[in-house]
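Structure first, then comments.
Quick note: residue numbers are just sequence positions, from 1.
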Amino acid sequence: MMSINLTEKEAYTAMYAYLVKIYEMTQSDDIGSLLGSMSTLSDGEIVDPAIWDDWLQCIDDVKQNQVDIELRLK
């Protein structure tokens, strides 16, 4: 797997762009609502500031290998 170095803000923006693609395919109200909360205001602040704190916690969890993404089929 290729290594890409992104800032926290760049990675957040990439995740946002990915969710926009999912929203465009599904028109999911839940994803649409999430995107609204994740959007930025004209001053660059996130609509729901708690989302940024959650995002930073997720980054920390990943860096500490605390996120398991392995698919397990029964």
Side-chain angles (χ1 to χ4, degrees):
M1 191 176 299
M2 183 173 71
S3 177
I4 300 172
N5 294 319
L6 299 173
T7 66
E8 288 94 348
K9 183 69 174 176
E10 289 170 332
Y12 181 90
T13 303
M15 176 186 60
Y16 184 92
Y18 177 75
L19 289 173
V20 166
K21 288 180 184 281
I22 299 299
Y23 175 75
E24 289 170 349
M25 290 187 292
T26 66
Q27 297 295 302
S28 165
D29 290 340
D30 290 336
I31 294 175
S33 178
L34 177 60
L35 286 167
S37 296
M38 290 176 62
S39 298
T40 57
L41 301 168
S42 60
D43 63 1
E45 293 296 316
I46 295 173
V47 171
D48 181 352
I51 288 179
W52 183 252
D53 293 333
D54 293 342
W55 175 246
L56 293 178
Q57 181 61 56
C58 289
I59 289 173
D60 189 52
D61 291 347
V62 168
K63 287 184 174 184
Q64 294 182 34
N65 293 320
Q66 295 180 352
V67 178
D68 181 6
I69 65 169
E70 181 180 343
L71 175 63
R72 292 177 178 82
L73 301 175
K74 294 182 179 186

Original post:
Is V62 reachable from L6 through a run of hydrophobic residues whose side-chain heavy atoms are each under 4.5 Å from the next?
Top reply: no
Original post:
How long is the span from the CG atom in D30 to the CD1 atom in I22, to the nearest 0.5 Å?
Top reply: 13.5 Å
Original post:
Can you tell me if Y23 uses its side chain to pair, donor with acceptor, with the backbone of L34 under 3.5 Å?
Top reply: no
Subject >> Transitive ILVMFWY side-chain link Y18 to Y12, under 4.5 Å >> reply: yes
Original post:
So if you build clusters from Ile, Leu, Val, Met, Phe, Trp, Tyr with side-chain heavy-atom gaps below 4.5 Å, do L19 and V47 land together?
Top reply: no
Subject >> Atom pair CD1 (I51) and CG (L56), whose distance is rounded to the nearest 0.5 Å >> reply: 12.0 Å
**OP:** Could you tell me whether the side chains of D53 and Q57 share a donor-acceptor contact shorter than 3.5 Å?
**Re:** no
Original post:
Any idea which heavy atoms bring M15 and W55 closest together, and the distance?
Top reply: SD-CZ3, 3.3 Å
Subject >> salt bridge (Lys or Arg N to Asp or Glu O under 4.0 Å) partners for D68, two or more places apart >> reply: R72
Original post:
What salt bridge (Lys or Arg N to Asp or Glu O under 4.0 Å) pairs are there with at least one residue in residues 3-29, not counting sequence neighbours?
Top reply: none
Subject >> Spacing of CD belonging to E45 relative to CH2 belonging to W52, to within rounding of 0.5 Å >> reply: 10.0 Å
